[in-house]
Amino acid sequence: MTSFGQVFAQGEVAAGTSLVAKIGGSTSAVQMDVKTTYADGSVKMAVLTLARPDIAAGHNVDVVLSTGPVSTAPALDLSSALSGHSFAVSLTPSSGVARSIDV
């Protein structure tokens with residue numbers, strides 16, 4: 001899963017419109033969590049979440065977003081999608097006492 005913020009021009013994504021992503025010839029649903037809208041109701045800024053293929057370090061993949069029919073698919077369950085993955089941060093401030101945070 002990948003999540004990122006995206007800003008749109010006024011009218012680019014009308015209210016009630018959903019997005020799809022084309023990744024390497026395959027189409028994937030996009031979960032769009034609208035954060036702000038323009039006066040006409042179109043999307044101004046949204047957090048987008050989509051399933052993507054695994055990407056090796058130092059490599060990239062092209063993603064093309066387009067409008068599509070409103071999806072009736074259930075929202076992505078990030079807790080299950082992230083199970084088995086770990087992201088830990090270790091900090092050592094000037095006091096010398098190390099702290100570890102499992103994000």
## Note on the structure
Here the pair of heavy atoms bringing Leu50 nearest to Ala21 is CD2-CB, 4.3 Å

### Query
Are Val63 and Phe4 close enough that some pair of their side-chain heavy atoms sits under 4.5 Å apart?
no

### Query
Would you say Phe8 and Val34 make side-chain contact, with heavy atoms under 4.5 Å?
no

### Task
Could you list the residues that satisfy side-chain hydrogen bond (donor to acceptor under 3.5 Å, both in side chains) with Ser28, not counting sequence neighbours?
none

### Message
Are Val64 and Ile55 linked, directly or through intermediate hydrophobic residues, by side-chain heavy-atom contacts shorter than 4.5 Å (ILVMFWY only)?
### Response
no

## Note on the structure
When every non-hydrogen atom of Ala51 is compared with those of Ile23, the smallest separation belongs to O-CD1, 3.5 Å

### Over all atoms of both residues, closest heavy-atom pair of Ala15 and Gly41
CB-O, 3.4 Å

### Task
For Val30 and Thr49, run side chain to side chain contact (heavy atoms under 4.5 Å, CB included): C-alpha distance rounded to whole Å, both residues' side-chain angles, the deciding distance at 0.1 Å, then the answer.
CA-CA 6 Å; Val30 176; Thr49 302; over 6 Å; no

### side-chain hydrogen bond (donor to acceptor under 3.5 Å, both in side chains) partners of Thr27, counting only residues at least two apart
none

### Task
Quick one: pull up OG1 in Thr2 and CZ in Arg52 and give me the separation to the nearest 0.5 Å.
3.5 Å

### Task
Could you grab the distance from atom CG of Leu65 to atom CE of Met32, nearest 0.5 Å is fine?
10.0 Å

### Reported NZ-to-CD distance for the pair Lys44 and Gln6, which is rounded to 0.5 angstrom
14.0 Å

### Query
For Asp40, which residues count as a side-chain contact (heavy atoms from CB on, under 4.5 Å) partner, sequence neighbours excluded?
Gln10, Tyr38, Ser42

### Query
Going from CD on Gln31 to OG on Ser18, what distance comes out if it is rounded to the nearest 0.5 angstrom?
11.5 Å

### Task
Share the residues that join Val47 in a hydrophobic cluster, the rule being Ile, Leu, Val, Met, Phe, Trp or Tyr side chains under 4.5 Å apart at the heavy-atom level.
Val7, Met45

### Message
Contact between Leu19 and Thr67 at the side-chain level, heavy atoms closer than 4.5 Å - yes or no?
### Response
yes

Anything under 3.5 Å between a donor and an acceptor, one on a side chain of residues 88-101, the other on a protein residue two or more places apart or in another chain? List them.
none

### Query
Going from NZ on Lys35 to CG on Asp33, what distance comes out if it is rounded to the nearest 0.5 angstrom?
5.5 Å

## Note on the structure
For residues 54-65, the side chain to side chain donor-acceptor pair (under 3.5 Å) pairs (sequence neighbours left out) are none

